[in-house]
Each structure stands twice: as C-alpha cells, then as structure tokens.
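Just so we're on the same page: letters track the sequence lines, and every chain starts at 1.
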There are 2 protein chains.
Amino acid sequence: MTIGEAAKRAGISAKRVRHYEEIGVLSKAARSESGYRIYDETDVHILRFVNRARNLGFSMAEIKRLVGLWKNRRRASREVKKIAKDHLVGLEQKIIELQSIASTLRHLSDRCSGDDRPDCPILQEIEFSSNK
Amino acid sequence: MTIGEAAKRAGISAKRVRHYEEIGVLSKAARSESGYRIYDETDVHILRFVNRARNLGFSMAEIKRLVGLWKNRRRASREVKKIAKDHLVGLEQKIIELQSIASTLRHLSDRCSGDDRPDCPILQEIEFSSNK
DNA sequence: TTTGACCTTCCCATGATGGGAAGGTTTAGA
DNA sequence: TCTAAACCTTCCCATCATGGGAAGGTCAAA
C-alpha cells in the first residue's frame with residue numbers, strides 16, 4: 001500500500017511516516033518503480049505501536065529503542081522496564097514541578113481583585129519574589 | 001552597564017537578553033559609540049521580572065503581555081488576572097494528562113518482571129491497546 | 001486525454017534557548 | 001606601548017516532532 005494508505009490506517013499523517021523513516025524509527029521503505037514508498041501490514045502495525053508509545057509521552061529516542069526491543073523476541077524484559085521506569089520518573093518530576101507552579105499561581109490569582117483597579121498582587125509578587 | 005553585566009545581575013545569559021530584545025520583550029537597548037548595548041537598573045529589573053515569570057511557566061508571548069501591563073500603572077488588574085488564570089487552566093490540564101499517563105505506566109511497569117525473561121506486558125499493551 | 005488526487009524531495013517555521021564562528025573593542029598588565 | 005584576555009557584535013546552525021507549502025512526477029477514473 002502507499003504511504004497515504006498506511007498513514008491513514010495507523011491514524012497518523014504521511015508526513016510523520018516519512019519523518020519516522022528519516023530518524024530511523026522505521027526502516028527504509030521499499031519503493032515502487034516510480035519511486036513511491038510501499039508499505040505492508042507489519043509497517044502499519046509498527047506505526048500504530050509508535051503512535052501509542054507517543055501517546056504515553058515517550059520521546060522518539062525512547063520509542064526507537066522500544067521498537068527495537070519490540071521486534072526482538074529474545075530481549076530481556078529488564079531493558080523495557082528500565083526505559084518505562086526512567087520515563088515514569090521524569091514524568092513524576094514534571095508533575096511535581098507543575099503542581100508547585102500551579103499552586104503558586106492559584107495563590108496569586110486568588111489575591112488579585114481582577115477588576116478595573118490597577119493594584120495587582122500578581123505583578124507585584126512576580127516583581128519582588130526571589131528567583132526560583 | 002554592558003550586556004554581560006546586566007545579564008549576570010539578572011541571573012540569565014547574555015544570549016537570552018539579546019533574544020528578549022529581538023522578540024520584543026525588552027525594548028531595543030541604547031548603543032555605545034562602538035555599538036555595544038547599554039543597560040541600566042531598570043533593564044535589570046525587567047529582566048528579573050521576565051525570568052521569574054518564566055519560572056512560573058509563562059510563555060514568552062504571555063510574558064511580553066505581562067511586561068507591558070507591568071509597565072503601565074493604570075492597567076486594570078482584570079487583564080493580568082486573565083493571563084494568569086488562562087495559564088493556570090492550561091497547567092491544570094497538563095497535570096491531569098501527565099498524571100493519567102504516569103498512572104498507566106505505573107500499572108504497566110508493575111506487571112513486568114523486569115528480569116532476563118522476554119515476556120513483557122509493557123510492550124504487549126502498547127502493541128494492542130486502543131489508540132489514545 | 002484531461003483532471004484531480006496522489007506521490008516525491010526540499011526548504012522553512014514553530015519556541016526558547018545554546019553553541020560557535022568570524023571579527024571588532026576594551027581593559028589590564030608587562 | 002604593545003599584547004593578550006575578556007569582552008562585545010552579528011550570523012548561522014542545532015535542538016524536537018511536526019506541519020505547511022512549493023515544484024514537479026505519477027496514477028486512476030471519467
């Protein structure tokens with residue numbers, strides 16, 4: 001099938017499929033006589049896998065490794081778990097950071113009248129708070 | 001003072017200061033005869049403000065507006081509060097999304113032995129889960 | 001045969017920086 | 001006074017994952 005068909009079946013854009021080939025997540029596609037890329041069910045399967053991993057927030061570098069491990073039936077599950085765990089740790093840190101920021105903003109926002117008056121604790125606190 | 005001094009006092013890099021000028025967060029700096037940018041205390045003050053807003057996760061577009069409002073003593077606090085609230089809503093959505101992803105990953109990770117065996121629920125679930 | 005819907009490669013843009021090159025300026029010390 | 005270090009300048013490239021679009025070739029149906 002053509003790139004457009006494969007992309008549609010995987011639920012992503014053809015642009016992305018070419019990109020995934022370029023960065024090595026997908027191996028180079030076979031070509032028709034006229035130069036069109038040719039895909040089969042296995043490729044669609046991989047593309048779906050990539051898309052789902054992406055929805056779990058994995059970076060393309062991580063996904064590249066995951067696809068490699070996924071193709072290899074003899075890999076140790078340890079490797080996969082390590083990638084997932086590392087990713088999870090990063091996520092958890094990010095969540096804590098965002099929660100801290102959100103909490104600060106809620107505090108500031110609550111104390112701002114938010115009307116026609118110019119007085120604004122939000123600006124004042126951004127202005128005078130310590131860095132970080 | 002020179003750009004290096006101003007940057008140091010604000011706790012950021014000189015690169016960033018030039019960048020902030022380029023995107024209009026900072027107005028164009030005066031120049032010495034030899035073409036060096038010249039800064040004063042007010043500029044350092046603004047740079048610190050920008051850096052703090054950045055630490056609160058505001059985008060440069062939002063910061064640009066905040067700096068504008070901050071300079072204007074007659075602005076309505078409503079405007080500032082709206083920017084902060086909008087930002088907060090975005091943050092909260094992001095947090096929920098990351099928490100959902102983290103929860104899925106924890107679940108997957110817990111069920112993977114993570115040893116020499118090849119069986120790996122993580123890959124299996126990424127493979128067969130529905131999209132999104 | 002024409003037309004429209006594909007496909008190809010290539011370049012540019014995003015956001016907020018950092019890196020580094022090539023070249024000019026200033027400052028401090030020998 | 002000369003020189004070397006430590007600044008400064010602009011300009012271009014890279015990040016990351018993706019979209020937009022141009023210019024041009026291919027294919028399938030009418």
Side-chain angles (χ1 to χ4, degrees), chain A residues 1-26 28-40 43 46-67 87 90-91 94 97 101 131-132, chain B residues 1-26 28-40 43 46-67 87 90-91 94 97 101 131-132:
Chain A
M1 70 191 88
T2 64
I3 195 170
E5 259 181 277
K8 192 172 179 184
R9 293 179 51 127
I12 66 179
S13 70
K15 275 271 189 190
R16 271 209 219 166
V17 179
R18 290 191 199 95
H19 180 60
Y20 292 162
E21 174 178 316
E22 196 179 7
I23 63 176
V25 165
L26 216 62
K28 291 196 177 180
R31 300 290 185 128
S32 72
E33 277 187 23
S34 57
Y36 283 21
R37 286 176 182 80
I38 301 171
Y39 296 90
D40 61 20
D43 295 313
I46 294 173
L47 286 172
R48 287 208 182 110
F49 179 93
V50 171
N51 198 36
R52 284 161 188 158
R54 211 184 61 102
N55 287 340
L56 289 175
F58 287 98
S59 71
M60 291 318 292
E62 288 168 327
I63 291 175
K64 198 168 165 178
R65 280 186 287 154
L66 285 175
V67 171
H87 180 46
L91 274 176
K94 189 73 187 169
E97 189 191 329
I101 294 173
N131 264 327
K132 266 278 173 187
Chain B
M1 71 190 89
T2 65
I3 194 171
E5 259 180 277
K8 192 173 178 182
R9 292 178 51 128
I12 67 179
S13 71
K15 277 267 190 193
R16 271 208 219 164
V17 179
R18 289 192 200 96
H19 180 59
Y20 293 160
E21 175 178 315
E22 196 179 7
I23 63 177
V25 165
L26 215 62
K28 291 197 177 183
R31 301 289 185 128
S32 72
E33 277 187 22
S34 58
Y36 282 22
R37 286 176 182 81
I38 301 171
Y39 297 90
D40 61 20
D43 296 312
I46 294 174
L47 286 172
R48 286 209 182 110
F49 179 93
V50 171
N51 198 36
R52 283 160 189 158
R54 211 184 62 102
N55 288 340
L56 290 175
F58 286 98
S59 70
M60 291 319 292
E62 289 168 325
I63 291 174
K64 198 167 166 179
R65 280 187 286 154
L66 285 176
V67 171
H87 181 46
L91 274 176
K94 189 74 185 169
E97 188 191 329
I101 294 173
N131 265 327
K132 268 277 176 188

* Round to a whole Å and report the spacing from CG of B/Asn51 to P of C/dA16. => 14 Å

* Under 4.0 Å: is that the gap between some side-chain N or O of A/Arg18 and OP1 or OP2 of C/dT8? -> yes

* **Separation of C/dG15 P from B/Lys64 NZ (nearest whole Å)** => 11 Å

* To do: Provide, to the nearest angstrom, the distance between the CD atom belonging to A/Glu22 and the P atom belonging to D/dA17.
  => 13 Å

* Asked: Does A/Arg37 put a side-chain nitrogen or oxygen below 4.0 Å from OP1 or OP2 of C/dT9?
  -> yes

* Is B/Tyr20 near enough to C/dA16 that one of its side-chain N or O atoms lies under 4.0 angstrom from OP1 or OP2? -> no

* Asked: Does a side-chain heavy-atom distance below 4.5 Å link B/Arg52 with B/Arg48?
  -> yes

* Asked: For the atom pair CD1 (B/Ile46) and CG (B/Asp40), what is the distance rounded to the nearest 0.5 Å?
  -> 8.5 Å

* Under a 4.5 Å cut-off applied to non-hydrogen side-chain atoms, are A/Arg18 and A/Ile3 in contact? -> yes

* Asked: Pick one: which of A/Arg16, A/Lys28, A/Arg37 meets salt bridge (charged side-chain N to carboxylate O under 4.0 Å, His left out) with A/Glu21?
  -> A/Arg37

* Structure fact -> To the nearest angstrom, the NZ-C1' distance between B/Lys28 and D/dT9 comes to 15 Å

* How is B/Ile23 classified with respect to the nucleic acid when contacts are heavy atoms under 4.0 Å: base, sugar-phosphate, or nothing? -> nothing

* Grab the CD-P distance between A/Glu21 and D/dT18 for me, whole Å please. => 15 Å

* What is the distance, rounded to the nearest whole Å, between atom NE2 of B/His19 and atom P of D/dC12? -> 17 Å

* Asked: Counting only non-hydrogen atoms, which of residues 29-36 of chain B are less than 4.0 Å from DNA chain C?
  -> B/Ser34, B/Tyr36

* Atom CE of A/Met1 and atom CD1 of A/Ile38: how far apart are they, to the nearest 0.5 Å? -> 11.0 Å

* **Derivation of the side-chain contact (heavy atoms from CB on, under 4.5 Å) call for A/Met60 and A/Tyr20** => CA-CA 9 Å; A/Met60 291 318 292; A/Tyr20 292 162; 3.2 Å; yes

* To do: Could you tell me whether the phosphate oxygens of D/dC8, OP1 or OP2, come under 4.0 Å of any side-chain nitrogen or oxygen in B/Thr2?
  => yes

* Asked: Which comes earlier along DNA chain C counting from the 5' end, the contact point of B/Phe58 or that of A/Ala14, where each point is its nearest nucleotide?
  -> A/Ala14

* Structure fact -> Checking D/dA17, C/dC7, D/dG19 against the side chain of A/Ile3 (C-beta onward), the nearest is C/dC7

* Taking atom C1' of D/dC7 as reference, at what distance in whole Å does atom NZ of B/Lys15 sit? -> 14 Å

* **Minimum side-chain heavy-atom gap A/Ile23-A/Lys64 below 4.5 Å** => no

* Could you tell me the separation between the CG atom of B/Leu56 and the C1' atom of C/dA16, rounded to a whole number of Å? => 17 Å

